[in-house]
2 protein chains.
Amino acid sequence: MARKSASGRIGIADVAVKAGVSHATVSRVMNGNFTVDPDIAARVRAAAAELKYQPNPVGRSLALGKTDTIGIVVPDLANPTFQAILRGLSRAAAQDGYRVLIADSFEVSSEESILAGEARRRCDGLVLCAPRMSDAELTEIAPSLHPLVLINRTTDAPDVPSLVVDYGHGVQDIAGHLVELGHTRLAFLAGPPRSASNEMRLKGLEAFKDAHPQVEVTMLEGGSDFDTGHEAVDAVLASGATGILAFNDLVAMGLMSGLHERGLDVPGDISVTGFDDIPFARYTTPALTTAAVPITELGEQAWHQLRALIRKEGNEVPGTRFQPRLEVRASTGPAKASRSAVHG
Amino acid sequence: MARKSASGRIGIADVAVKAGVSHATVSRVMNGNFTVDPDIAARVRAAAAELKYQPNPVGRSLALGKTDTIGIVVPDLANPTFQAILRGLSRAAAQDGYRVLIADSFEVSSEESILAGEARRRCDGLVLCAPRMSDAELTEIAPSLHPLVLINRTTDAPDVPSLVVDYGHGVQDIAGHLVELGHTRLAFLAGPPRSASNEMRLKGLEAFKDAHPQVEVTMLEGGSDFDTGHEAVDAVLASGATGILAFNDLVAMGLMSGLHERGLDVPGDISVTGFDDIPFARYTTPALTTAAVPITELGEQAWHQLRALIRKEGNEVPGTRFQPRLEVRASTGPAKASRSAVHG
DNA sequence: CTTGCCTGAGAAAGCGTTTTCTCAGTTCGC
DNA sequence: GCGAACTGAGAAAACGCTTTCTCAGGCAAG
């Protein structure tokens with residue numbers, strides 16, 4: 001008959017009276033505390049089952065000081081990269097009985113730190129993806145966010161593990177691949193100017209240029225989505241480059257689409273590369289050569305690092321660096337006589 | 001100097017002593033209750049600011065009986081459709097100060113109802129995407145999940161709005177489009193057998209067959225992802241159909257990729273259609289003809305319905321039906337002399 | 001048979017808020 | 001000038017749970 005206390009839902013008190021014991025005993029039984037008489041325990045369990053009693057997590061959280069929930073702040077849920085991180089994180093956390101609360105900042109980085117704070121207070125820990133937040137701001141708020149794990153950027157604040165993809169290395173692998181195919185004029189279709197991962201790519205390219213002085217590398221302004229790539233067609237053609245490194249797969253796909261509309265052949269006329277190896281990359285036409293980032297695994301690792309922090313395992317987890325793996329597909333091919341050569 | 005109470009974080013008590021008032025007064029000030037003297041209010045606010053006090057949401061939730069959080073249960077976070085729903089939901093909810101907790105059931109439908117219950121207890125309401133759950137189970141758990149909004153399926157349980165995409169109508173639009181192009185032999189690459197949205201498509205196709213007796217429609221087994229489409233190439237070719245309706249865009253992309261590998265031309269040899277119009281659909285080669293589902297808007301609507309329920313607005317919201325819009329692109333074209341005709 | 005230890009369960013004190021209840025101090029009306 | 005209505009803030013209860021504290025009763029040892 002599920003009598004209900006003052007509030008709507010049935011609580012521990014209802015089970016207690018039904019079983020003829022105190023709240024405390026019910027709690028003990030529900031939590032597997034074995035200092036309770038087996039007969040009484042059975043009675044309590046029966047009562048709980050009959051009333052379909054389920055402990056109220058909010059009350060539990062308050063008493064226990066933990067929510068069994070972690071938060072993740074992402075700048076854009078529409079971005080496949082963050083979707084994949086979320087997926088990996090959620091899956092790994094679920095395995096340990098944790099749920100994930102999402103906070104999408106919709107690219108307005110001014111809100112990010114408030115959002116992060118709010119999310120953190122409701123959770124036991126936080127994963128922060130905030131590529132555009134300034135270092136100063138990050139350092140400032142990091143302590144109040146602990147336990148905190150950073151994605152794709154680092155900080156001086158102590159006890160904040162970082163999981164970063166080695167974009168610099170990846171971009172060099174790609175450039176190297178293009179050069180091996182005979183390309184001598186490359187162009188980099190850059191990402192958002194203040195993005196941390198864009199910085200890393202630029203550094204990698206600098207290193208590459210130093211090592212390959214004979215290769216010309218043009219820098220082009222860009223962004224991080226389809227449209228960016230699509231709109232960049234003119235700039236790309238104007239550069240005279242035959243090997244294009246797009247900021248990521250999305251940009252590369254947009255670019256290929258634009259080149260296709262112009263009647264140009266990829267990779268016959270121009271080779272195009274992406275970055276990330278999102279699930280769709282292998283299904284483009286031609287299939288996209290890219291640097292595969294184990295991004296779901298990164299989400300999973302984020303949970304492991306966070307878990308260590310939550311459990312206060314003093315493992316001094318220093319964070320992890322992920323190496324992209326060059327994934328050669330059909331969008332890159334031998335350079336034909338470079339257009340400038342034809343032209344000259 | 002942020003003195004801290006017993007626990008680590010600073011709480012309302014710290015602010016109270018610093019401002020020389022009671023907890024109650026601090027609470028009143030923080031919640032904008034104007035029955036407090038302006039001078040005292042200012043003093044409290046100053047103290048709060050200096051201590052960087054932020055109310056503990058868990059305590060608040062317990063006292064208020066609400067969490068300002070909603071949950072969403074999805075069968076697979078890797079599926080672009082659910083990603084888009086999540087995005088729309090999260091964005092709309094955020095606008096009203098609500099966060100979203102995600103629960104991924106990873107396609108194990110046996111866990112779905114437990115997962116839903118757990119999520120619901122931590123939240124003020126729930127959005128449920130459970131295409132494979134049996135009607136019986138759904139009806140059984142629905143009352144305990146209220147406020148509840150259903151995606152792409154309905155239930156007899158009262159006060160449960162449903163947002164459903166009219167897949168039946170959409171599939172008929174697509175089939176009609178193919179017939180207009182001269183195709184007389186179609187094939188439907190079905191989705192997961194027990195999926196509710198697959199059922200709707202099948203019903204739509206039945207209606208279509210009744211209306212177009214001269215058109216032959218072959219049913220093929222399938223699934224819901226890339227690989228399904230890719231593996232279906234043989235079956236598709238064996239069917240002799242020239243117009244293929246894939247379960248969704250993912251399957252269509254897999255199929256196109258497979259056809260391409262076989263050296264077949266789309267749409268020259270075979271026309272292929274998808275469903276959903278995921279963001280990538282326009283960037284395939286050829287761009288995919290599909291039925292566009294306003295899926296992000298659906299997520300947004302889900303919030304509006306849920307909000308009405310949470311606020312107990314007796315609007316008797318009956319749910320909403322979304323009409324897909326035929327999006328003709330380059331993957332469909334005129335039927336060439338049907339292969340059976342050539343053959344005969 | 002008494003003392004002391006141990007087991008097990010109830011009473012009560014938190015956890016951090018909000019909100020009702022209560023009451024001291026004012027102000028107003030007559 | 002005195003009682004009533006009102007204002008504003010503190011005390012305390014409530015939210016639903018966990019956990020410490022306390023204590024009654026059972027048992028073994030002396």
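No hydrogens, no waters, no symmetry mates; every other heavy atom, side chains included, goes into these values. Chain letters run A, B, ... following the sequence lines, proteins first and then strands; every chain starts at 1. Keep in mind that this is a model prediction, so the values were computed, not measured.
- Using a 4.0 Å heavy-atom criterion, one finds that A:Thr35 contacts the sugar-phosphate atoms exclusively.
- B:Ile10 has its CD1 atom 16 Å from the C1' atom of C:dC15, to the nearest Å.
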For this session: Go through the steps to decide whether A:Ser105 and A:Glu111 satisfy the test side chain to side chain donor-acceptor pair (under 3.5 Å), and finish with yes or no.
Result: CA-CA 7 Å; A:Ser105 67; A:Glu111 298 278 328; over 6 Å; no
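- Distance, B:Arg28 CZ to C:dT22 C1': 12 Å, rounded to whole Å.
- A sub-4.0 Å separation between OP1 or OP2 of D:dC15 and a side-chain N or O of A:Asn56 is absent.
- Between the CZ atom of B:Arg122 and the P atom of D:dC15 there is a distance of 21 Å, rounded to whole Å.
- Using a cut-off of 4.0 Å between Lys/Arg side-chain N and Asp/Glu carboxylate O, B:Arg307 and B:Asp96 are scored as salt-bridged.
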Exercise. Passes side chain to side chain donor-acceptor pair (under 3.5 Å), B:Thr67 versus B:Asp124? Steps please.
Worked result: CA-CA 6 Å; B:Thr67 61; B:Asp124 299 342; 2.9 Å; yes
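- One interatomic measurement links the two molecules: CG of A:Asp37 to C1' of D:dG26, which rounds to 13 Å at whole-angstrom precision.
- Atom pair A:Asp14:CG and D:dC15:C1' shows a separation of 14 Å (rounding to whole Å applied).
- Counting any heavy atom pair closer than 4.0 Å across all strands shown, B:Tyr53 reaches sugar-phosphate atoms only and no base atom.
- Looking at B:Arg122 and A:Asp68, their side chains come closer than 4.5 Å, going by heavy atoms from C-beta outward.
- Candidate nucleotides C:dG16, C:dA9, D:dC17 were compared by shortest atom distance to the side chain of A:Ala63, and D:dC17 ranks first.
- Summarising the geometry, the separation between CD1 on A:Ile12 and P on D:dC17 is reported as 5 Å, rounded to the nearest angstrom.
- At a threshold of 4.0 angstrom between heavy atoms, the contacts of B:Asn31 are confined to the sugar-phosphate backbone, with no base atom among them.
- Counting non-hydrogen atoms under 4.0 angstrom, A:Val58 reaches nothing in the nucleic acid.
- Where B:Thr25 and B:Leu64 meet DNA chain D, the nucleotide closest to each residue was compared, and B:Thr25 sits on the side nearer the 5' end.
- The side chain of B:Arg60 contributes no N or O atom lying less than 4.0 Å from OP1 or OP2 of C:dG16.
- Between the CG atom of A:Leu62 and the P atom of C:dA13 there is a distance of 17 Å, given to the nearest Å.
- The pair A:Arg132-A:Glu112 does not meet the salt-bridge criterion, since no charged nitrogen lies less than 4.0 angstrom from a carboxylate oxygen.
- Rounded to whole Å, atom C1' of D:dG8 lies 17 Å from atom NE2 of B:His23.
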